[in-house]
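These figures come from a predicted structure and were not determined experimentally.
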4 protein chains.
Amino acid sequence: MARNLKTPEEQTSVAAGAAQSKSERTRARILDAAAQVLSQKGYSGMRLSDVAKVAELQAPAIYYYFPSREDLIEEVMWVGIADMRAHLTKVLDALPDGLPAMDRILAAVEAHLRHELEISDYTTASIRNAGQVPEEIRKRQLAEENKYGEIWRRLFKTAIADGAVRSDLDPFIAQMLVFGSLNWTAEWWNPKRGSVDKVVANAQAFVRSALSA
Amino acid sequence: MARNLKTPEEQTSVAAGAAQSKSERTRARILDAAAQVLSQKGYSGMRLSDVAKVAELQAPAIYYYFPSREDLIEEVMWVGIADMRAHLTKVLDALPDGLPAMDRILAAVEAHLRHELEISDYTTASIRNAGQVPEEIRKRQLAEENKYGEIWRRLFKTAIADGAVRSDLDPFIAQMLVFGSLNWTAEWWNPKRGSVDKVVANAQAFVRSALSA
Amino acid sequence: MARNLKTPEEQTSVAAGAAQSKSERTRARILDAAAQVLSQKGYSGMRLSDVAKVAELQAPAIYYYFPSREDLIEEVMWVGIADMRAHLTKVLDALPDGLPAMDRILAAVEAHLRHELEISDYTTASIRNAGQVPEEIRKRQLAEENKYGEIWRRLFKTAIADGAVRSDLDPFIAQMLVFGSLNWTAEWWNPKRGSVDKVVANAQAFVRSALSA
Amino acid sequence: MARNLKTPEEQTSVAAGAAQSKSERTRARILDAAAQVLSQKGYSGMRLSDVAKVAELQAPAIYYYFPSREDLIEEVMWVGIADMRAHLTKVLDALPDGLPAMDRILAAVEAHLRHELEISDYTTASIRNAGQVPEEIRKRQLAEENKYGEIWRRLFKTAIADGAVRSDLDPFIAQMLVFGSLNWTAEWWNPKRGSVDKVVANAQAFVRSALSA
DNA sequence: AATGAATGAGGATTCATTCAT
DNA sequence: CATGAATGAATCCTCATTCAT
């Protein structure tokens with residue numbers, strides 16, 4: 001799952017990372033296909049036959065790699081955020097020590113946005129279907145979401161403690177408003193509408209002003 | 001569902017308005033039920049039997065009021081935004097002349113948020129399923145979305161012309177970031193998490209800072 | 001049910017005869033409508049709503065006049081042949097005594113054809129659906145068919161005894177071949193294709209030669 | 001149903017011909033079953049579950065071989081006449097050159113009758129439902145019917161030109177009267193009522209006399 | 001005498017899933 | 001590994017029928 005690609009065009013697949021055996025590559029193809037169909041058709045609308053068509057194989061073949069439709073979906077939903085969290089963690093870890101709290105938040109904004117827009121199938125699948133998928137399936141995703149949110153909570157907490165964020169904002173609400181701005185991009189942005197860089201720059205400016213004291 | 005309340009604050013049902021004859025009330029009940037189920041289960045997941053259960057009648061009775069499942073969904077999706085636009089228009093029209101452009105935007109923020117959180121079934125149904133519903137069904141909704149967006153575009157344009165909004169933000173992106181913050185609230189807010197008033201206040205403060213020069 | 005109309009244009013309804021009270025006229029309208037729909041859509045395809053539309057009333061109103069769909073169909077099927085038999089009987093009774101047997105057959109040919117083509121809804125309904133309707137419903141129709149066939153059998157028997165019909169033909173088969181020629185006209189004839197008179201003349205010439213010694 | 005017999009006389013199944021792979025045999029079984037049910041229950045009365053029962057499989061399995069109920073029916077309706085035409089063409093082609101025109105007509109009478117009575121499910125399905133099936137479905141069948149009628153028209157034309165047919169008969173009406181005699185046999189004949197040979201002999205004698213100058 | 005509203009039974013169709021090959 | 005063939009469980013929708021008015 002190591003992500004190291006530069007151009008968004010080359011990276012739409014979480015599963016792509018370090019594909020190895022033929023079997024592993026087929027499995028990855030199915031997962032990618034499922035993410036794509038899931039993001040477009042939704043939880044109930046995702047048909048295995050559609051996934052199969054995108055993955056270029058026959059529907060029953062999916063059962064060789066996943067025990068059931070539910071398991072396949074569960075993995076897509078989970079992998080989406082898990083990978084997002086891995087990405088954010090790596091980015092934050094790479095930041096120089098002593099960087100101001102607000103700059104760390106803005107780095108997180110960039111990380112979140114780039115991952116979302118570049119791996120958009122997984123992200124939109126995760127986001128759009130979060131409310132539609134049965135409890136059972138969401139468990140692992142929810143746990144992962146909490147961990148991801150926890151990272152952001154710590155960023156906010158530090159920033160507030162440092163006086164970098166206005167005190168008149170409720171921390172939780174503020175964080176959710178930021179999440180909303182970022183998550184929503186997947187609904188309106190597309191490559192023809194300008195570069196990811198531009199979106200990132202605007203979002204950073206927007207968030208900085210919104211939060212700054 | 002179709003409660004006949006006076007104050008918009010307590011209303012969960014778009015269809016409630018002025019329900020009159022028994023027939024009209026039944027139709028409204030079905031529409032409300034559909035919005036609820038649609039927001040929870042998604043376009044493909046919405047079963048007419050679920051809608052019927054919520055509306056407290058038998059599934060085939062739905063066909064007495066709506067020609068097909070698609071028509072029912074189409075109306076839910078459309079009514080959600082159409083009503084939102086009507087609400088926003090009314091609010092803006094009621095504002096005193098000469099009010100600063102930024103204050104008008106903040107009034108719009110409040111109108112959007114209150115409507116969204118109070119009629120949340122329709123809103124989340126519209127939002128979550130926008131990407132999953134077949135083209136055919138989205139037509140009227142899309143037209144309505146454009147009209148709604150147009151209102152906001154004019155608000156922004158005026159504000160920018162007045163120098164009330166920073167010039168380093170791309171107007172379209174900025175508007176989308178604001179929409180994201182607002183729309184996303186339906187995904188995380190619930191009455192137990194604090195009052196709508198608090199969310200409105202925070203969102204207004206957030207947006208004002210984010211946009212102000 | 002007395003039939004006494006001259007022009008085919010004025011007579012498509014068995015039920016029309018001597019319509020009296022409003023109630024009886026409505027009942028007749030429903031019966032005619034049922035014959036029409038039944039002949040076009042078949043036993044299973046006849047929907048009460050279609051019948052209602054043709055009869056210009058609402059479907060549930062039918063139940064005021066007929067206990068059930070089955071009863072309505074039963075009556076159409078039965079009335080069709082019963083009326084045909086009444087017509088044939090009247091025509092034969094009106095023939096002068098001592099008329100040659102073959103001429104009596106040809107009079108029957110004319111009576112059968114005229115009735116079939118002029119009251120075609122009932123006839124085609126009866127004929128086309130004879131094989132599709134449940135046993136239960138066919139009982140009265142079957143009895144009537146037998147009586148009708150019996151009349152023809154007697155005509156043939158007499159003609160054979162008189163030496164007016166060739167002896168190399170099996171009487172039953174010959175009669176069925178004649179019936180086929182006549183019944184089939186409802187499938188291909190229509191007013192635009194020439195007059196009923198012409199069909200009658202051709203059929204009489206055809207049958208006379210076919211059977212004559 | 002789909003029996004693999006050599007002699008046409010024993011064949012009840014158009015689809016039987018050269019059934020090969022298991023898949024092809026199943027498809028043929030479904031087609032035969034559909035013809036049978038269609039002839040008995042009519043267009044609207046044909047339930048897929050009935051077809052499935054006769055074909056000895058589950059209803060949804062039909063969809064593995066036919067895209068829809070309509071397609072299945074369309075094929076039955078079409079195959080019935082298409083096969084009839086193929087049969088007639090073969091018979092006529094096999095006749096010696098220089099055979100009198102009337103003898104060619106009588107050969108056609110035999111071909112038509114034998115095929116009709118032996119493949120009777122397809123024939124009665126075609127005939128009884130011709131007037132009930134939606135336009136859409138009849139297209140291919142209608143085209144085939146025209147081609148079939150054209151063969152007969154040519155036979156009649158030649159016979160008339162040769163003076164073998166009386167000139168007082170309208171050619172079209174005469175042909176339809178013959179068709180009626182023949183087609184109607186499927187409605188009354190059954191193996192218990194005597195041999196096909198007998199019916200053929202009677203029909204030929206009947207038609208010869210009816211048409212001869 | 002007739003209709004608006006509703007229901008229950010049934011039928012076509014879809015789809016995840018299985019299994020033999 | 002993969003597929004062709006098949007099934008059982010839904011789900012939408014239609015329609016005869018009922019009933020209060």
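For residues 53-69 of chain C, the side chain to side chain donor-acceptor pair (under 3.5 Å) pairs, not counting sequence neighbours, are Ser68(C)-Asp71(C). Sorted by first and then second residue, the salt bridge (Lys or Arg N to Asp or Glu O under 4.0 Å) pairs involving residues 33-45 of chain D (not counting sequence neighbours) are Lys41(D)-Asp50(D). Among residues at least two apart or in separate chains, salt bridge (Lys or Arg N to Asp or Glu O under 4.0 Å) pairs with a member in residues 125-135 of chain B are Arg128(B)-Glu187(B).
When only modelled atom types and interatomic distance are considered, Glu70(C) and Tyr43(C) share a side-chain donor-acceptor pair under 3.5 Å.
Listed by residue number, there are no residues of residues 50-58 of chain C with a heavy-atom contact under 4.0 Å to DNA chain F.
For Glu74(B), the side-chain contact (heavy atoms from CB on, under 4.5 Å) partners are Ile137(B), Arg140(B), not counting sequence neighbours. For Thr123(B), there are no side chain to side chain donor-acceptor pair (under 3.5 Å) partners, not counting sequence neighbours. Shown here are the side-chain contact (heavy atoms from CB on, under 4.5 Å) partners of Ala34(D), two or more places apart in sequence or in another chain: Met46(D), Val51(D), Leu72(D), Val76(D). In terms of the side-chain contact (heavy atoms from CB on, under 4.5 Å) criterion, residue partners of Glu144(D) (sequence neighbours excluded) are, by chain and number, Trp78(D), Ile81(D), Ala82(D), Arg85(D), Lys147(D). Residues meeting the salt bridge (charged side-chain N to carboxylate O under 4.0 Å, His left out) test with Arg138(C), sequence neighbours left out: Glu145(C). Contacts of Ala59(B) classified as side-chain contact (heavy atoms from CB on, under 4.5 Å), with partners at least two apart in sequence or in another chain: Ala52(B).
Secondary-structure annotation of DNA chain E gives the stems E:2-21 with F:2-21, with a stem taken as at least 3 successive Watson-Crick or G-U pairs whose two distances both fall under 3.5 Å.
In this structure, Lys22(D) reaches the dA6(F) phosphate: one of its side-chain N or O atoms is under 4.0 Å from OP1 or OP2. Phosphate proximity of dG4(F) to Ser23(D): absent, as no side-chain N or O sits under 4.0 Å from OP1 or OP2. Of the side-chain N and O atoms in Tyr64(A), none sit less than 4.0 angstrom from OP1 or OP2 of dA2(F).
At whole-Å resolution of the value, CD1 in Ile73(D) and C1' in dA12(E) are 11 Å apart. The distance between atom CZ of Arg29(D) and atom P of dA5(F), rounded to the nearest whole Å, is 13 Å. Ile62(B) places its CD1 atom 14 Å from the C1' atom of dA5(E), with the value rounded to the nearest Å. Rounded to an integer number of Å, the gap from CZ of Phe66(C) to C1' of dA1(E) is 15 Å. Remark: C1' of dA5(F) and CZ of Arg25(D) are 13 Å apart, rounded to the nearest angstrom.
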Sugar-phosphate or base contact per nucleotide [nucleotides 14-21 of chain E; S, B, -; heavy atom under 4.0 Å]:
BSSBB---
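Side-chain contact between Tyr122(C) and Asp83(C) is absent, with no heavy atoms from C-beta onward closer than 4.5 Å.
Residue Thr26(A) is the one, among Thr26(A) and Tyr65(D), whose nearest nucleotide of DNA chain F lies closer to the 5' end (criterion: closest heavy atom).
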